Amino acid sequence: MDTAADVFADVVDAWLLPPNRTLLVARYTLILESSRSDELAPLSTAARSRFTALAELLCAAAGVGSGEASMDPAIRLVAWADGGGKEKLRS
């Protein structure tokens with residue numbers, strides 16, 4: 001059985017595969033567009049919530065709670081993964 005860490009790592013790894021570059025660009029394009037579109041915003045929020053929920057499971061399994069910092073550790077983990085994807089697009 002996969003752990004939350006395995007699933008999270010698999011998702012991030014899949015984003016970074018060279019054949020998925022177009023999907024990664026599309027993902028970031030949709031994220032930006034959803035910030036300007038009332039129609040797309042709920043879809044983007046729902047997708048982000050699913051990924052954040054997975055990060056929350058991972059943080060909980062690691063014993064990292066949300067009261068330890070000014071920003072929720074799960075949100076920081078998702079931001080870190082997003083940053084890795086953006087950096088990959090630059091290369």
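It should be emphasised that the depicted structure is a prediction, and the values quoted were computed from it without experimental measurement.
Of all the heavy atoms in G85 and Y28, the pair that sits closest is CA-OH, 3.5 Å. Scanning all heavy atoms of the two residues, the minimum distance from E33 to L40 falls at CG-CD1, 3.6 Å.
In this structure, OG1 in T52 is found 11.0 Å from CG in L57, a value given to the nearest 0.5 Å. The line from CG of L58 to CG of D6 is 9.5 Å long, rounded to the nearest 0.5 Å. Distance CZ/R27 to CG/N20: 12.0 Å, rounded to 0.5 Å.
Put simply, the side chain of S44 never gets that close to the backbone of A41: no donor and acceptor are under 3.5 Å apart.
Among residue pairs with one or both ends in residues 51-63, none qualify as salt bridge (charged side-chain N to carboxylate O under 4.0 Å, His left out); sequence neighbours excluded.
Residues R48 and D82 are in side-chain contact: their nearest non-hydrogen atoms beyond the backbone lie under 4.5 Å apart. The shortest side-chain heavy-atom distance between L77 and P73 does not fall under the 4.5 Å cut-off.
For L32, the side chain to side chain contact (heavy atoms under 4.5 Å, CB included) partners two or more places apart in sequence, or in a different chain, are R36.
One hydrophobic cluster, built from ILVMFWY side chains closer than 4.5 Å, holds both L89 and W80. In the hydrophobic cluster analysis, where Ile, Leu, Val, Met, Phe, Trp and Tyr join through side-chain heavy atoms closer than 4.5 angstrom, L17 is grouped apart from V25. A continuous path of ILVMFWY side-chain contacts below 4.5 Å connects L24 to I31, so both sit in one hydrophobic cluster.
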Review item, side-chain donor-acceptor pairs of residues 9-16, under 3.5 Å, at least two apart:
none

